[in-house]
Number of protein chains: 2
Amino acid sequence: MLTIGKLGDAAGVKVPTIRYYEQIGLLPEAERSSGNQRLYGRKAMERLAFIRHARDLGFTLEAIRDLLSLSDRPDQSCAAADAIARAQLVEVERRLARLTALKAELERMVVQCAGGKIADCRVIEVLGDHSLCATDHRHPETEPTP
Amino acid sequence: MLTIGKLGDAAGVKVPTIRYYEQIGLLPEAERSSGNQRLYGRKAMERLAFIRHARDLGFTLEAIRDLLSLSDRPDQSCAAADAIARAQLVEVERRLARLTALKAELERMVVQCAGGKIADCRVIEVLGDHSLCATDHRHPETEPTP
DNA sequence: CTTGAAGCTATAGTTGCTAGAGACATTAGG
DNA sequence: CCTAATGTCTCTAGCAACTATAGCTTCAAG
């Protein structure tokens, strides 16, 4: 049995994050030691690794919740799991397309900046006037900041 | 002079968002009508368009705050503005690289899914075991969900 | 046996908004 | 001119997915 710290080290997840996952019901309530400390076995370890990996692949906690409950029913069809993964793929492709456009625009901006005064700065100028942009990167839903 | 709704329509920004920007000091406090409603002129419009455009390009509000204060000092060097834009470019490239790896991995997952039972589902299996992955998409800081 | 690390709970903060409640302002139609 | 429908006001709370802090208790090593 592992303490929460060992489990966190093993799975590459921070301790408060594990407690958070338990709190929102993504991990079951852990066993406790005589001194009220959480103790984890192999199953909890696997479940946490699953969550971690899915998070690394950009799945939301909601999607992970669904995937976990699917993986608890091994004899069901995997169509639902497949659909979740495909939706995630579509989402990733959408973000990729958007980021590619942003990259092009940012490159244009910094390349054109001659390094003079703010008054002539291409960066500031372009930001103030979208019509100076080559691509239409407008309106698409918010690009989140990490 | 525009009311907040007209300004929002003109700039493509929702009304509560404008009030939020004012609240956090990104927009100056607006003039008020006799009936206490916010009124905006051309300058506010331009400033909001600048913010909107920078947000579209993925700049954080903090970065935008800096860019705005730079643009208020037209005779200064634009090195700082350039640095912010370059940092944003680097960040976008980093995310792009990461998303590209995720896309590859997700594609592998869904292609390999034979559409049978959960017990044999490649999606579930891969999520449970990172060593089944082709690329190392681990540890990099959280990919945020929009 | 003591000390320091690791654990516990509970609460609040982060980013960039969005949603709701309940009250006042403005405007279009009849 | 009155009413109804919008629009706007303030304030508070909520979203994701954690992270940080405070003030404890417990555990393991020396």
Side-chain angles (χ1 to χ4, degrees), chain A residues 1-27 29-40 44 48 51-68 88 91 95 139-146, chain B residues 1-27 29-40 44 48 51-68 88 91 95 139-146:
Chain A
M1 295 300 250
L2 301 171
T3 61
I4 197 169
K6 308 290 181 196
L7 177 70
D9 289 350
V13 178
K14 287 178 193 151
V15 167
T17 303
I18 299 174
R19 288 196 278 247
Y20 169 70
Y21 287 161
E22 178 181 312
Q23 192 194 309
I24 63 169
L26 213 54
L27 289 175
E29 293 197 12
E31 284 178 61
R32 297 298 182 115
S33 74
S34 56
N36 196 36
Q37 301 196 346
R38 288 173 182 83
L39 290 177
Y40 298 92
L48 182 56
I51 296 170
R52 173 74 215 277
H53 194 193
R55 283 299 293 139
D56 279 349
L57 286 165
F59 288 90
T60 64
L61 292 184
E62 255 321 286
I64 294 171
R65 202 186 287 277
D66 293 345
L67 288 167
L68 281 169
Q88 176 63 10
E91 172 64 20
R95 283 195 229 161
H139 226 291
E141 53 279 54
T142 334
E143 185 56 32
T145 44
Chain B
M1 294 298 249
L2 301 171
T3 62
I4 196 170
K6 308 289 181 195
L7 178 70
D9 290 348
V13 177
K14 288 178 192 150
V15 166
T17 303
I18 299 174
R19 288 196 280 247
Y20 170 71
Y21 288 161
E22 178 181 311
Q23 191 195 309
I24 63 170
L26 213 54
L27 289 175
E29 294 197 11
E31 286 178 59
R32 298 297 181 116
S33 71
S34 56
N36 196 38
Q37 302 196 344
R38 289 172 180 82
L39 290 177
Y40 298 92
L48 182 56
I51 296 171
R52 172 74 213 277
H53 195 194
R55 283 299 293 139
D56 280 348
L57 285 166
F59 288 91
T60 64
L61 292 183
E62 254 322 286
I64 293 170
R65 202 187 286 279
D66 293 345
L67 287 167
L68 280 170
Q88 175 63 11
E91 172 64 20
R95 282 195 229 161
H139 226 295
E141 53 279 53
T142 335
E143 184 58 30
T145 43

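Atom set for the values below is all heavy atoms of this structure, side chains included, hydrogens, waters and symmetry mates excluded. Convention: sequence-line order gives letters A, B, ...; per-chain numbering from 1.
- Between B:Gln23 and A:Tyr20, the residue whose closest nucleotide on DNA chain D is further toward the 5' end is B:Gln23.
- Of the side-chain N and O atoms in B:Arg38, one or more sit less than 4.0 angstrom from OP1 or OP2 of D:dC9.
- Atom pair B:Asn36:CG and C:dT26:P shows a separation of 9 Å (rounding to whole Å applied).
- Among the protein residues, A:Arg19 comes within range of the nucleic acid bases, having at least one heavy atom under 4.0 Å from a base atom.
- OP1 or OP2 of C:dT18 has at least one side-chain nitrogen or oxygen of B:Lys14 nearer than 4.0 Å.
- Following rounding to the nearest Å, A:Gln37 (CD) and C:dC8 (C1') show an atom-to-atom distance of 7 Å.
- Applying the 4.0 Å criterion to OP1 and OP2 of D:dA17, one finds that A:Tyr21 has every side-chain N and O outside that range.
- With D:dG7, C:dC17, D:dT19 as the candidates, the nucleotide lying closest to the side chain of B:Thr17 is C:dC17.
- Across all non-hydrogen atoms, the minimal contact from A:Ile18 to A:Ile4 is CD1-O, 3.8 Å.
- Counting only heavy atoms from C-beta on, B:Pro16 has its side chain closest to C:dT18 among C:dC8, C:dT18, D:dT8.
- With salt bridges taken as basic N to acidic carboxylate O contacts below 4.0 Å, one links A:Glu62 and A:Arg65.
- Listed pair A:Ser33 / D:dT26 fails the phosphate criterion, with no side-chain N or O lying under 4.0 Å from OP1 or OP2.
- If you check C:dT26, D:dC18, C:dC8 against the side chain of B:Ser34, the one that comes closest is C:dT26.
- Of the side-chain N and O atoms in A:Arg32, none sit less than 4.0 angstrom from OP1 or OP2 of D:dT25.
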